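Keep in mind it's a predicted model, so treat the numbers as computed, not measured. Both ligands and their constituent atoms are indexed starting at 1 by order of listing.
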Amino acid sequence: MLYLVHMIVDIPASLPAEEAARIKAEEKAYSQALQKSGKWPHLWRVVGEYANYSVFDVASNDELHDTLSKLPLFPFMKITVTPLAKHPSSIL
Ligand SMILES: O=C(O)C[C@H]1C=CC(=O)O1
């Protein structure tokens with residue numbers, strides 16, 4: 001199943017810079033492992049924002065929730081999920 005996911009990141013200024021850098025490094029490693037596995041086939045930066053649009057390819061709502069809730073930046077994110085179905089006019 002495909003899902004369009006919008007993530008907006010808001011790290012509080014009160015979080016020490018070293019802690020923020022550590023969490024971002026963990027996030028990068030986690031996201032790149034998921035990209036290599038094929039479960040996170042698209043990751044696009046929103047121009048001018050600390051936000052992304054992503055496409056996840058996972059088996060179920062439960063797997064997506066589990067995957068997203070393990071993002072190291074999850075506590076600092078606002079996430080919107082849109083389930084995707086095949087468009088009847090799509091040739092893909
Ligand atoms: O930077 C972001 O958009 C947040 C998050 C998503 C992947 C990643 O490495 O960080």
Side-chain angles (χ1 to χ4, degrees):
M1 298 171 68
L2 294 175
Y3 298 87
L4 178 67
V5 178
H6 185 207
M7 304 180 204
I8 300 171
V9 184
D10 184 13
I11 298 175
S14 59
L15 193 72
E18 286 174 9
E19 176 74 353
R22 182 187 62 75
I23 295 169
K24 286 181 191 176
E26 289 177 5
E27 177 85 15
K28 185 172 186 173
Y30 180 70
S31 73
Q32 291 186 339
L34 285 165
Q35 289 171 69
K36 286 175 189 157
S37 79
K39 290 182 184 288
W40 192 339
H42 289 274
L43 170 57
W44 297 95
R45 176 62 76 219
V46 178
V47 175
E49 297 180 26
Y50 193 0
N52 72 74
Y53 277 100
S54 292
V55 173
F56 283 81
D57 187 355
V58 292
S60 65
N61 291 349
D62 287 339
E63 183 180 356
L64 182 65
H65 183 77
D66 184 60
T67 301
L68 295 177
S69 63
K70 288 176 179 163
L71 289 166
L73 282 172
F74 182 78
F76 310 111
M77 284 179 170
K78 180 171 183 281
I79 298 176
T80 306
V81 175
T82 306
L84 300 175
K86 186 166 174 56
H87 193 288
S89 302
S90 174
I91 61 168
L92 299 177

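- In Lys86, the NZ atom is crowded: over 12 heavy atoms of neighbouring residues, nucleotides or ligands sit closer than 6.0 Å.
- In this structure Glu18 satisfies the side-chain contact (heavy atoms from CB on, under 4.5 Å) test with no other residue, sequence neighbours excluded.
- Within a 6.0 Å sphere centred on OH of Tyr53, heavy atoms belonging to other residues, nucleotides or ligands number 12 at most.
- Electrostatic pairing of Glu19 and Arg22 counts as a salt bridge here, judged by a charged N lying under 4.0 Å from a carboxylate O.
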As a test of reading the model: which N/O atoms of the protein lie under 3.5 Å from N/O atoms of ligand 1, and at what distance?
residue  : atom  : partner : partner atom : Å
ligand 1 : 1 (O) : Arg45   : NH1          : 3.4
ligand 1 : 1 (O) : Arg45   : NH2          : 2.8
ligand 1 : 3 (O) : Arg45   : NH1          : 2.7
ligand 1 : 3 (O) : Asn52   : ND2          : 2.8
ligand 1 : 9 (O) : Ser31   : OG           : 3.3

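- No side-chain N or O of Ser31 forms a donor-acceptor pair with one of Trp40 less than 3.5 Å apart.
- Across all their heavy atoms, Ala20 and Ile11 have their closest contact at CB-CG2, 4.4 Å.
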